[in-house]
*Asks:* 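Okay, here's the structure, questions in a sec.
Reminder, nothing fancy here: chain letters follow the sequence lines and each chain counts from 1.
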Number of protein chains: 2
Amino acid sequence: MSFYTEDSLKAELHERGWRLTPQREIILDIFQNLAAGKHLSAEDLYELLKSEGHDISLSTIYRTVKLMARMGILRELELAEDHKHYEINQPYHHHHHLICVRCNQTIEFKNESVLKIGDKTSKKEGYHLLDCQLTIHAVCPSCQRSILPVS
Amino acid sequence: MSFYTEDSLKAELHERGWRLTPQREIILDIFQNLAAGKHLSAEDLYELLKSEGHDISLSTIYRTVKLMARMGILRELELAEDHKHYEINQPYHHHHHLICVRCNQTIEFKNESVLKIGDKTSKKEGYHLLDCQLTIHAVCPSCQRSILPVS
DNA sequence: CTTCCTGCAAAGAGTTTGCATTTGT
DNA sequence: ACAAATGCAAACTCTTTGCAGGAAG
């Protein structure tokens with residue numbers, strides 16, 4: 001859950017018989033240096049990497065973020081848009097999402113109890129906690145005032 | 001958030017200039033009579049309806065569940081599988097999910113505090129609460145013991 | 001009788017996969 | 001050297017959409 005160095009990532013990969021590739025290092029680096037609260041889709045990450053001169057294929061990106069999510073390095077977020085977002089998984093920046101089901105506007109918020117509940121629940125079931133997210137679906141003030149089309 | 005009759009559904013639809021169609025009634029009925037804790041994907045719903053002799057098209061199903069989720073009648077669940085699931089949105093049966101990121105095994109659990117947090121948070125932002133879900137990503141006991149392939 | 005809804009088929013988006021090649025270890 | 005990862009392109013799945021006919025209010 002804390003910061004990964006090249007070495008600690010390597011060690012954790014090796015434990016499972018996997019390899020440290022330049023692509024994996026670069027992708028981890030991106031996420032570690034991302035501003036708090038920022039999250040990226042696979043496509044976002046692809047473009048960002050390209051803009052920095054790294055030509056990593058989309059397939060590798062999909063494979064890598066999924067791998068890192070399964071390792072607990074990244075959080076996989078299901079926001080209102082129809083694709084997944086990823087961000088580094090650090091308790092310090094742990095936050096949750098309040099999403100308007102109509103306009104998809106999303107607010108991030110923090111709450112100390114949530115992590116505790118996640119911790120308690122997973123322990124009770126013998127699970128090893130990676131991440132827990134509270135997602136609130138609601139109607140934002142501005143959408144409460146308007147009659148919406150079916151879409 | 002409570003039980004809908006044909007009339008109350010009709011009224012709520014009319015408020016927004018929408019219509020009560022047989023398809024919408026039938027679909028709501030399915031969800032209201034679903035065993036507690038059961039949830040359906042669009043495809044599941046399609047098959048279930050067909051098995052009961054109702055030939056409702058997949059497009060209508062997708063449109064209807066989305067509509068009902070936006071109305072707050074259904075909860076939209078993002079479980080481990082790569083498609084959405086829906087269930088009726090009732091506080092009495094309000095529960096959350098603990099998901100193994102490796103094998104996707106899912107456990108449902110209840111927690112009284114979560115709804116309170118959702119309530120408080122949405123109120124504070126002026127949002128009208130529809131649903132809140134705590135999703136815990138973790139590694140289940142059996143997967144903790146096995147070395148997994150990259151997939 | 002107007003507007004919304006349905007069903008169909010086609011399109012779309014995001015993600016995954018097979019395979020040959022390359023690269024860690 | 002051997003197994004694992006990458007890149008490419010094609011495939012796949014879930015979901016959305018345009019449109020014509022049909023139904024609710």
Side-chain angles (χ1 to χ4, degrees), chain A residues 6-7 9-28 39-47 49-50 54-71 74 76-86 101 104 147-151, chain B residues 6-7 9-28 39-47 49-50 54-71 74 76-86 101 104 147-151:
Chain A
E6 190 197 312
D7 282 349
L9 173 60
K10 195 166 187 170
E12 206 163 319
L13 286 167
H14 285 183
E15 260 179 45
R16 297 170 162 91
W18 299 335
R19 293 171 183 174
L20 181 62
T21 63
Q23 290 89 337
R24 289 177 180 177
E25 254 185 279
I26 291 166
I27 290 173
L28 178 62
H39 43 246
L40 303 174
S41 67
E43 197 74 38
D44 293 339
L45 181 51
Y46 179 69
E47 295 302 335
L49 285 164
K50 199 147 69 178
H54 297 297
D55 231 319
I56 301 182
S57 76
L58 252 183
S59 343
T60 297
I61 289 176
Y62 275 108
R63 283 190 275 234
T64 304
V65 292
K66 182 163 237 177
L67 176 72
M68 290 183 175
R70 283 159 156 243
M71 292 174 72
L74 298 180
E76 191 174 78
L77 309 178
E78 312 265 10
L79 303 180
E81 296 109 296
D82 52 357
H83 51 262
K84 289 170 183 154
H85 285 242
Y86 295 87
V101 297
N104 290 350
I147 295 181
L148 71 165
V150 180
S151 116
Chain B
E6 189 197 314
D7 281 350
L9 174 61
K10 197 166 187 169
E12 205 163 320
L13 286 167
H14 286 183
E15 259 180 46
R16 298 171 161 90
W18 299 334
R19 290 171 184 175
L20 181 62
T21 63
Q23 290 89 337
R24 290 176 180 178
E25 253 185 279
I26 292 166
I27 290 173
L28 178 62
H39 42 247
L40 303 174
S41 67
E43 197 74 38
D44 293 339
L45 182 52
Y46 179 68
E47 296 301 336
L49 285 165
K50 199 147 69 178
H54 298 297
D55 232 318
I56 300 182
S57 76
L58 254 183
S59 343
T60 297
I61 289 177
Y62 275 109
R63 284 190 274 235
T64 305
V65 292
K66 182 163 238 179
L67 175 73
M68 291 186 174
R70 284 159 154 242
M71 291 175 73
L74 298 180
E76 191 174 78
L77 309 178
E78 311 265 10
L79 303 180
E81 296 109 295
D82 52 358
H83 50 262
K84 290 170 183 153
H85 285 243
Y86 296 86
V101 296
N104 289 350
I147 295 181
L148 70 164
V150 180
S151 119

*Asks:* dC4(C) C1' sits how many Å from E15(B) CD, rounded?
*Replies:* 18 Å
*Asks:* Mind checking ring-ring contact (aromatic ring centres under 6.0 Å, His included) for H14(B) and listing every partner two or more places apart, or none if nothing turns up?
*Replies:* none
*Asks:* Using the test side-chain hydrogen bond (donor to acceptor under 3.5 Å, both in side chains), find all partners of T64(B) that sit at least two apart in sequence or belong to another chain.
*Replies:* none
*Asks:* Does S57(A) place a side-chain N or O at less than 4.0 Å from the phosphate oxygens OP1/OP2 of dC8(D)?
*Replies:* no
*Asks:* When you measure from the side chain of R24(B) to the backbone N and O of L13(B), does any donor-acceptor pair fall under 3.5 Å?
*Replies:* no
*Asks:* What is the distance, rounded to the nearest whole Å, between atom CD1 of I26(B) and atom C1' of dT6(C)?
*Replies:* 13 Å
*Asks:* Measure OH/Y46(B) against C1'/dG7(C) and give the value in whole Å, please.
*Replies:* 10 Å
*Asks:* Roughly how far, to the nearest 0.5 Å, is the CD atom of E15(A) from the NZ atom of K10(A)?
*Replies:* 14.5 Å
*Asks:* Could you go through nucleotides 10-16 of chain D and list every protein N or O atom that sits under 3.5 Å from one of its N or O atoms, giving the distance for each pair?
*Replies:*
residue, atom, partner, partner atom, Å
dT15(D), OP1, K84(B), N, 3.1
dT15(D), OP2, Y62(B), OH, 2.7
dT16(D), OP1, K66(B), NZ, 2.5

*Asks:* Rounded to whole Å, please give me the gap between CZ in R70(A) and C1' in dT16(C).
*Replies:* 13 Å
*Asks:* Apply side-chain hydrogen bond (donor to acceptor under 3.5 Å, both in side chains) to S59(A) and list each qualifying residue two or more places apart in sequence or on a separate chain.
*Replies:* none
*Asks:* Would you say dA23(D) has OP1 or OP2 under 4.0 Å from some side-chain N or O of Q23(B)?
*Replies:* no
*Asks:* Polar-atom pairs under 3.5 Å, protein N or O versus N or O of nucleotides 21-25 of chain C: list them with distances, or write none.
*Replies:*
residue, atom, partner, partner atom, Å
dG24(C), O3', L20(A), O, 3.4
dG24(C), N2, R19(A), NH2, 2.8
dG24(C), N3, R19(A), NH1, 3.4
dT25(C), OP1, H14(A), NE2, 3.1
dT25(C), OP1, L20(A), N, 3.2

*Asks:* Sequence neighbours left out, what passes side-chain contact (heavy atoms from CB on, under 4.5 Å) with E12(B)? Give chain and number order.
*Replies:* Y4(B), R16(B), M71(B)
*Asks:* With the side chain counted from C-beta on, respond yes when L49(A) and I61(A) share a heavy-atom pair under 4.5 Å apart, and no when they do not.
*Replies:* yes
*Asks:* Please name the pair of heavy atoms, one in L28(A) and one in M68(A), separated by the smallest distance, quoted to 0.1 Å.
*Replies:* CB-CE, 3.9 Å
*Asks:* Return the value, rounded to whole Å, for the distance between atom CZ of R24(B) and atom P of dA23(D).
*Replies:* 15 Å
*Asks:* Could you check how far CG of L67(A) sits from P of dA5(D), rounded to whole Å?
*Replies:* 8 Å
*Asks:* Just the rounded figure in Å: distance from P of dG14(C) to CD1 of I61(A).
*Replies:* 14 Å
*Asks:* I'd like to check the side-chain contact (heavy atoms from CB on, under 4.5 Å) partners of L79(B); sequence neighbours left out, ordered by chain and number.
*Replies:* H39(B), L77(B), E81(B), H85(B), H97(B), I99(B)
*Asks:* Can you pull out how bent the helix from dC1(C)-dG25(D) to dT25(C)-dA1(D) is, comparing the axes over its first five and last five pairs, to 10°?
*Replies:* 50°
*Asks:* Please state how far atom CG in D55(B) lies from atom P in dG7(C), giving the value in whole angstrom units.
*Replies:* 8 Å
*Asks:* Can you confirm whether L40(A) sits close enough to Y86(A) that some side-chain heavy atom of one is under 4.5 Å from a side-chain heavy atom of the other?
*Replies:* no
*Asks:* Can you sort out the partners of E43(B) under side-chain contact (heavy atoms from CB on, under 4.5 Å), two or more places apart, ordered by chain and number?
*Replies:* S41(B), Y46(B), E47(B), L58(B)
